[in-house]
Every structure is written in C-alpha cells, then in structure tokens.
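First the structure, then my questions, so here it is.
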Amino acid sequence: QVQLVESGGGLVQAGGSLRLSCAASERTFSTYAMGWFRQAPGKEREFVTAISWNGGRTYYADSVKGRFTISRDNAKNTVYLQMNSLKPEDSAVYYCAADSAPSRRVAISRQSSDYNHWGQGTQVTVSS
C-alpha cells in the first residue's frame, strides 16, 4: 500500500502563496489518480483538485479555480499543490489522497470515498 507524506503547510497573510507537497512511498503512485481535499473546523471534507495518472487531466473546485494549481512529478513520486492569492476561507487542514482504481486513472473522481490512501494532513492558516 502506498504511503503519503505531506509537507509545506504554514501561516500566511491573505494574498500570499504556499506550495504543498505530497511524497509517495513507491513508484506505483505513478499509476494512480491523485487528489487534494481540505477540511476546516466544523465542516465536512471538501474536494479541492485532482489530477489523472499522467497529469493530462485536472479538475478544480470552483472556489480555487485560477488560484490553485495541481501538478505531479512521477519520477519523484510527488504531487504538488501551488496555492496563490490565498484567502482566509482557504484555511483548513489539507490532505492528499490516492485513488488506485485503474478505471479512474483518467476519469478522475471528486468524491472522497473513491480515494483509498490518505496523507496525514498539513495545516494551512491564512490571516486577514
């Protein structure tokens, strides 16, 4: 089973940027669709963005379009989330997740239940 380790969270002011990284434990990662989710206190986990196995297809939640960019480097077993123009409402714990289902390598999912491997989460706090 793939293990995911996240890093890059922190405290920034509104309008600032952060880049999150998620490192996978094995190269099987390169066959998985990958997603980023976030969860704020008192709220349910929310889809942020996802990327197909080869990076050819991406999806973004409307709330982050134009500000966040997902990418992956399969040679490094790593997926990234570049976050620009951060807003206080972006504050949450951010999780990376892997979907190992072959049928969704390209037809990527926005549903958390379709992801079967999760990172530990990293806190992002945006001050106003």
Side-chain angles (χ1 to χ4, degrees):
Q1 294 184 344
V2 63
Q3 307 294 315
L4 305 175
V5 179
E6 301 175 10
S7 61
L11 174 65
V12 299
Q13 292 188 335
S17 298
L18 284 173
R19 188 181 75 163
L20 307 184
S21 299
C22 179
S25 62
E26 59 186 51
R27 66 179 182 177
T28 311
F29 154 89
S30 64
T31 70
Y32 300 162
M34 296 292 298
W36 287 94
F37 295 78
R38 66 188 183 186
Q39 187 167 24
K43 295 184 178 180
E44 295 186 355
R45 190 165 296 183
E46 174 190 17
F47 171 80
V48 178
T49 182
I51 189 168
S52 59
W53 73 282
N54 63 353
R57 178 179 294 181
T58 59
Y59 290 105
Y60 295 91
D62 289 342
S63 60
V64 305
K65 286 181 179 178
R67 300 188 298 118
F68 290 12
T69 303
I70 188 171
S71 62
R72 66 191 301 163
D73 186 341
N74 286 347
K76 297 181 178 179
N77 291 345
T78 302
V79 62
Y80 304 96
L81 180 63
Q82 178 67 46
M83 304 185 294
N84 298 326
S85 302
L86 284 163
K87 305 174 181 179
E89 52 262 44
D90 294 319
S91 297
V93 177
Y94 282 71
Y95 300 89
C96 66
D99 179 1
S100 63
S103 63
R104 293 192 294 272
R105 289 177 181 176
V106 175
I108 54 179
S109 175
R110 304 180 187 185
Q111 298 179 346
S112 61
S113 60
D114 286 331
Y115 292 81
N116 53 347
H117 301 282
W118 293 82
Q120 81 285 358
T122 185
Q123 177 70 51
V124 172
T125 303
V126 184
S127 64
S128 60

task = Output all residues satisfying side-chain hydrogen bond (donor to acceptor under 3.5 Å, both in side chains) with Thr125, sequence neighbours left out; order by chain, then residue number.
result =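 Here the qualifying residues are Gln123.
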query = Hey, what else clusters with Val124 if you join Ile, Leu, Val, Met, Phe, Trp, Tyr whenever side-chain heavy atoms sit under 4.5 Å?
reply =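 Once heavy-atom contacts under 4.5 Å are chained together, Val124 belongs with Val2, Leu4, Val12, Leu18, Leu20, Phe29, Tyr32, Met34, Trp36, Val48, Ile51, Tyr60, Val64, Phe68, Ile70, Val79, Leu81, Met83, Leu86, Tyr94, Val126.
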inquiry  = Tell me every residue that passes side-chain hydrogen bond (donor to acceptor under 3.5 Å, both in side chains) with Thr58, counting only those two or more places apart in sequence or in another chain.
reply    =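 side-chain hydrogen bond (donor to acceptor under 3.5 Å, both in side chains) check on Thr58 returns nothing, list empty.
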key: Gln82 side-chain N/O to Thr69 backbone N/O, donor-acceptor pair under 3.5 Å   =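 Flag not set: sc Gln82 to bb Thr69 has no pair under 3.5 Å.
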Exercise: identify the closest heavy-atom pair between Ala40 and Ser91 =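 Minimum heavy-atom separation between Ala40 and Ser91: CB-O, 3.8 Å.
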request  = For Glu44, check side-chain hydrogen bond (donor to acceptor under 3.5 Å, both in side chains) against everything at least two apart and list the hits.
outcome  =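 Residues passing side-chain hydrogen bond (donor to acceptor under 3.5 Å, both in side chains) with Glu44: none at all.
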request  = Heavy atoms only: give me the nearest Ser112-Trp118 pair and the separation to one decimal.
outcome  =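 Taking every non-hydrogen atom into account, O-CZ2, 3.4 Å.
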message = Strictly below 4.0 Å, N to O, side chains only: are Asp90 and Lys87 in salt-bridge contact?
response =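 No, Asp90 and Lys87 are not salt-bridged.
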task = Give, for atom CZ of Arg67 and atom OG of Ser85, the distance between the pair rounded to the nearest 0.5 Å.
result =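 The OG atom of Ser85 is 7.0 Å from CZ of Arg67, to the nearest 0.5 Å.
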ask   = Roughly how far apart are Tyr80 OH and Cys22 SG, rounded to 0.5 Å?
value =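 So the OH of Tyr80 and the SG of Cys22 are separated by 10.5 Å.
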task = Can you sort out the partners of Lys43 under salt bridge (Lys or Arg N to Asp or Glu O under 4.0 Å), two or more places apart, ordered by chain and number?
result =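 Counting only residues at least two positions away or on another chain, Lys43 forms no salt bridge (Lys or Arg N to Asp or Glu O under 4.0 Å).
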inquiry  = Could you check whether Glu26 and Thr28, counting side-chain N and O atoms only, form a donor-acceptor pair closer than 3.5 Å?
reply    =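 Side-chain D/A pair, Thr28 to Glu26: present.
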query = Taking all non-hydrogen atoms of both residues, which atom of Phe47 and which atom of Tyr59 are closest, and how far apart?
reply =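 So the minimum-distance heavy-atom pair works out to CZ-O, 3.9 Å.
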task = Kindly write out the residues that satisfy salt bridge (Lys or Arg N to Asp or Glu O under 4.0 Å) with Asp114, not counting sequence neighbours, or none if the list is empty.
result =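 By the salt bridge (Lys or Arg N to Asp or Glu O under 4.0 Å) rule, Asp114 matches Arg104.
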request  = Go through the structure and list residues passing salt bridge (Lys or Arg N to Asp or Glu O under 4.0 Å) with Glu46, not counting sequence neighbours.
outcome  =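 Testing Glu46 for salt bridge (Lys or Arg N to Asp or Glu O under 4.0 Å), a comparison that skips the adjacent residues, returns Arg38.
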ask   = Listed by chain and number, what are the side chain to side chain contact (heavy atoms under 4.5 Å, CB included) partners of Trp53, not counting sequence neighbours?
value =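 With sequence neighbours excluded, Trp53 shows a side chain to side chain contact (heavy atoms under 4.5 Å, CB included) to Arg105, Val106, given in chain and number order.
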key: Pairs where residues 69-81 contributes a residue and the test salt bridge (charged side-chain N to carboxylate O under 4.0 Å, His left out) is met, not counting sequence neighbours   =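 Every pair satisfying salt bridge (charged side-chain N to carboxylate O under 4.0 Å, His left out) with a residue in residues 69-81: there are none.
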ask   = How close do Tyr115 and Ala33 get, heavy atom to heavy atom, and via which atoms?
value =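 Of all heavy-atom pairs spanning Tyr115 and Ala33, the closest is CE2-O, 4.3 Å.
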key: Point-to-point distance, once rounded to the nearest 0.5 Å, from CG of Asn77 to OG of Ser25   =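 Interatomic distance, Asn77 CG to Ser25 OG, rounded to 0.5 Å: 8.0 Å.
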message = Could you work out, with salt bridge (Lys or Arg N to Asp or Glu O under 4.0 Å) as the rule, every residue matching Arg110, not counting sequence neighbours?
response =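 Scan of Arg110 (salt bridge (Lys or Arg N to Asp or Glu O under 4.0 Å), adjacent residues dropped) gives none.
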query = Does Val5 have any side chain to side chain contact (heavy atoms under 4.5 Å, CB included) partners at least two apart in sequence or in another chain, and if so, which?
reply =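 By the side chain to side chain contact (heavy atoms under 4.5 Å, CB included) rule, Val5 matches Gln120.
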request  = Can you see which heavy atom on Ala14 is nearest to which on Ser128, and at what distance?
outcome  =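 Closest approach of Ala14 to Ser128: CB-CA, 4.5 Å.
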query = Asn116 and Ser100: which non-hydrogen atoms are nearest, and at how many Å?
reply =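 Closest approach of Asn116 to Ser100: ND2-OG, 2.7 Å.
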request  = For Ser17, check side-chain hydrogen bond (donor to acceptor under 3.5 Å, both in side chains) against everything at least two apart and list the hits.
outcome  =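 Partners of Ser17 under the side-chain hydrogen bond (donor to acceptor under 3.5 Å, both in side chains) test: Asn84.
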